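Sharing a structure below in structure tokens format, with a few things to ask.
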There are 2 protein chains.
Amino acid sequence: MTTKNATIKDVAREAKVSVASVSRVLNGLGGVTPATQKIVREVATRLHYVPDNAARSLITGRTHTIGAVLPDLYGEFFSELIRGIDLAARVHGLHLLVSSSHDGAEAAAAAVCAMRGRVDGMLILSEYVDAAFLEHNLPDKLPVVLLDSPVKSARYPVLNIDNRAGAIAMVRHLVEAGHQQVAFISGPKTSFNAQQREKGCRAAMAKHAPGVPLTVLDGNFSEESGYRAGQELLGRKPRPQAVFAANDMMAIGCLRAFKEAGLNVPGDIALAGFDDILISRYLTPPLSTVQVRIADLGRIALERLAGLLNPADKTPASVETLGCDIVIRESCGGKAGATVAPSKLRKSPRPLRT
Amino acid sequence: MTTKNATIKDVAREAKVSVASVSRVLNGLGGVTPATQKIVREVATRLHYVPDNAARSLITGRTHTIGAVLPDLYGEFFSELIRGIDLAARVHGLHLLVSSSHDGAEAAAAAVCAMRGRVDGMLILSEYVDAAFLEHNLPDKLPVVLLDSPVKSARYPVLNIDNRAGAIAMVRHLVEAGHQQVAFISGPKTSFNAQQREKGCRAAMAKHAPGVPLTVLDGNFSEESGYRAGQELLGRKPRPQAVFAANDMMAIGCLRAFKEAGLNVPGDIALAGFDDILISRYLTPPLSTVQVRIADLGRIALERLAGLLNPADKTPASVETLGCDIVIRESCGGKAGATVAPSKLRKSPRPLRT
DNA sequence: GTTCAAAATGTAAAAGCTTAGATTTTCGTC
DNA sequence: GACGAAAATCTAAGCTTTTACATTTTGAAC
């Protein structure tokens, strides 16, 4: 490429045909003689012609790009999520525009607006968006799929993790392994995932260890907050038999606190996390946790969105839930190696109204 | 937003001014009465007017988007890299289009071409691109910054990690800690980073343990390949005193093999990695490794690119190198806690031609 | 109340592409 | 060789914005 970019006119002139024919050939619209096609393709190649995306989008209204709005790119959760999205986007011939690190309603709104006209659809994972927000900030027809969201809307499909079932399965396992005194380290209050996990934990305790009080400590999903919770727990009398952290990073922090205090896990105290991030299996002891198939979550969300991109798709909005399995390693003292509860994708009918 | 998107004409009509005035107001070009400005802004807000990016790009030739072409999104290295890029992009008001998972020259070429016209500049990290490739596939004026690349070109700035110095520092530490018999687990032959790390290792051995042979085992950066290398090493007589893996994931696999064999690390054998991924500090024992400031790498690369976006910037292409520190934890038996060799960013003058 | 420069505003071209509709070519028939 | 339908090809409008240039308005000076 040594001169300025060739345009469709250059190709047309050089091939001695009209721009319409060039367009038809390059877009495979048919109605063009094989001979003409050959010439056009040759000239296009020779001139290194690549259609201008801006001009094309302007007229077709399509960008072949989808946007992913995420709260942050930090940590394995988001990296895996993006990976799943990216892989699926590639399959569908879609480009991926990512926007992250907006930790407030205005920042999220700005991110969403900045994407208007740049994308054909959006995947949104944010605490700050609710149905009203979306209706105010998004064009009517823009396909959107929400992730990890409490929104119930007739307009927006939602894809959630089955946090509740995952938490219930883990608590049940803990209790059945003989640990009735459970402490739960919660995630940030604003996180939908964290809320659901806590609810599941409470529900399971009520069911499987009725009457036994559940200790709940505040956490914010960071390793540091797990460490603090672990220290706090060390001083408690009686000490709980098991600790269930709302995510793996906090479990890791908690484990650090226990180790520093000379406590043996799982001998002295059992420990479990949530997410099954890569690190978990390499800890000593390997961490029992609830496995979330994060990349799958991204892939499924993108596929749902890709469906919506086709205007013929009239599938009504629904809330889907991606099941999670518990994976029992050594940190909670049960027999390791088991993977319980075959994962499943549940689909609830679209709730009426909002 | 309940009707179809408003255009600048709608705003002009509603505000009873010309489109030119609307454009001037919204772009802050001045030359417009405060009164008119007020009206225009009000109408724009009322109509939820957002300029169409495609039309704007078509005429300005700018997309305010940069593309990141990466081999894969898998693993912490790339997630951190993207994070650094994204953060910096946000600061510069740039959008980020990611394209990954192309594991061949054609796939990389396709990715690069598909981005043409969609981005104002590109960040490329790929084994498959060399200067010739770029000149053939990229528009002349498109700013590009290469990461982890052996390319030496007058046209493309390159930003590398100082793999060599990092490896040298680690080997030196190992030898000085009394481990002269070193085994190196190499990365994939095609990886520039892996090559440099191996070279550094060999150079350091020649210097600090002259005459002592270096055992080199093949690896491919995966945990599994590290595990295999570890097993292989178990059978060697004499067993090396230290193992230096070309990345942390292989060190982790190697550690697993040693643990399974009942070997004590660092008591029976010392172990070190490269990258300092998050997991490393949570291993038992915590892994000594060479710390690569990955997010910084992304940030610096983006900043270089952002500079290039400004046509006034005439900074010549150069090869920059981001220094790395060794962080000594417990896995290599030295005194833990030290961080050696203050990191630095070296900048070599642009090499002539190529 | 003119005059004139400066400020404000308006007009229209341009960007590169797709596509509806107009026009021309092709080719089998008679 | 004239006819007409089908196929191929072309013309030109239109997508939305920015911006150079033209025109109008403003307001100070006389």
Side-chain angles (χ1 to χ4, degrees), chain A residues 1 3-41 43-44 47-65 113-120 139 141, chain B residues 3-41 43-44 47-65 113-114 116-120 139 141:
Chain A
M1 195 126 330
T3 99
K4 75 174 316 192
N5 288 354
T7 73
I8 197 172
K9 281 188 188 168
D10 298 326
V11 178
R13 183 174 359 90
E14 201 79 2
K16 304 200 200 324
V17 296
S18 72
V19 294
S21 295
V22 177
S23 175
R24 272 189 298 255
V25 170
L26 267 22
N27 291 307
L29 262 27
V32 186
T33 307
T36 309
Q37 290 202 20
K38 185 151 175 289
I39 296 174
V40 170
R41 281 189 213 287
V43 174
L47 264 39
H48 277 96
Y49 171 69
V50 178
D52 181 288
N53 285 300
R56 184 179 267 183
S57 311
L58 181 56
I59 194 154
T60 62
R62 301 305 228 104
T63 61
H64 296 287
T65 302
C113 285
M115 278 198 177
R116 275 191 55 183
R118 274 178 208 280
V119 299
D120 292 342
K141 316 255 91 169
Chain B
T3 100
K4 72 176 317 191
N5 288 355
T7 74
I8 198 173
K9 281 188 189 167
D10 298 326
V11 177
R13 183 172 2 89
E14 200 79 0
K16 303 199 201 323
V17 298
S18 72
V19 293
S21 294
V22 176
S23 176
R24 273 188 293 255
V25 170
L26 267 21
N27 291 307
L29 263 27
V32 186
T33 308
T36 308
Q37 291 202 21
K38 185 153 175 287
I39 295 173
V40 169
R41 281 188 213 287
V43 173
L47 265 38
H48 277 95
Y49 172 68
V50 178
D52 181 288
N53 284 301
R56 185 179 268 183
S57 306
L58 180 57
I59 196 154
T60 61
R62 300 307 227 101
T63 61
H64 297 287
T65 301
C113 286
R116 274 192 54 187
R118 276 176 206 281
V119 300
D120 292 343
K141 316 255 92 165

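Letters A, B, ... mirror the listed sequences (proteins, then strands); counts begin at 1. Note that the structure is predicted; figures quoted are calculated from it, not measured.
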Query raised in the report: Does B/S18 make a side-chain N or O approach to OP1 or OP2 of C/dG10 shorter than 4.0 Å?
Result: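 Yes, B/S18 has a side-chain N/O under 4.0 Å of OP1/OP2 on C/dG10.
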
Query raised in the report: Should B/T33 be listed as having a side-chain N or O under 4.0 Å from OP1 or OP2 of C/dA7?
Result: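 Negative; the distance criterion is not met.
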
Query raised in the report: Could you give the CG-to-P distance, from B/D52 to C/dA15, as a whole number of Å?
Result: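 So the two atoms are 18 Å apart, to the nearest Å.
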
Query raised in the report: Taking B/T7 for the side chain and B/K9 for the main chain, is one N or O donor matched with an acceptor at less than 3.5 Å?
Result: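 Checking the backbone N and O of B/K9 against the side chain of B/T7, a donor-acceptor pair under 3.5 Å is found.
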
Query raised in the report: Of the non-hydrogen atoms in B/I8 and B/V22, which two are nearest, and what is the gap between them?
Result: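 Closest approach of B/I8 to B/V22: CG1-CG1, 3.6 Å.
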
Requested in this report: Look only at the side chain of A/S57 and the backbone of A/N53, and say whether a donor-acceptor pair between them is shorter than 3.5 Å.
Outcome: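 Yes: the side chain of A/S57 pairs with the backbone of A/N53.
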
Query raised in the report: Do A/N27 and A/S23 have side-chain N/O donor and acceptor atoms under 3.5 Å apart?
Result: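 Yes - a donor-acceptor pair under 3.5 Å links their side chains.
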
Report summary line: Nucleotide by nucleotide, nucleotides 18-23 of chain C touches protein heavy atoms under 4.0 Å in the pattern (B base, S sugar-phosphate only, - none) BB----

Query raised in the report: To the nearest 0.5 Å, what is the distance between CE (A/M115) and CG (A/D120)?
Result: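 Between atom CE of A/M115 and atom CG of A/D120 there are 12.0 Å.
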
Query raised in the report: Taking A/T63 for the side chain and A/R118 for the main chain, is one N or O donor matched with an acceptor at less than 3.5 Å?
Result: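 Yes, the answer is positive, given that a donor and an acceptor are paired below the 3.5 Å cut-off.
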
Query raised in the report: Counting any heavy atom closer than 4.0 Å, what does B/S57 reach on the DNA or RNA strands: base, sugar-phosphate only, or nothing?
Result: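 If one applies the 4.0 Å heavy-atom cut-off, B/S57 turns out to touch nothing in the nucleic acid.
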
Query raised in the report: Taking atom P of D/dT18 as reference, at what distance in whole Å does atom NZ of B/K9 sit?
Result: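 One finds 13 Å between P of D/dT18 and NZ of B/K9, rounded.
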
Query raised in the report: How long is the line joining CZ of B/R118 and C1' of C/dC17, in whole Å?
Result: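 Distance, rounded to whole Å: 14 Å.
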
**Report entry** Rounded distance in Å - CD (B/Q37) to C1' (C/dA7)
**Finding:**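 The answer, rounded to whole Å, is 13 Å.
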
Query raised in the report: Starting at the 5' end of DNA chain C, which residue's closest nucleotide do you reach first, B/V32 or B/L58?
Result: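 Checking each residue's closest nucleotide, the 5'-ward one belongs to B/V32.
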
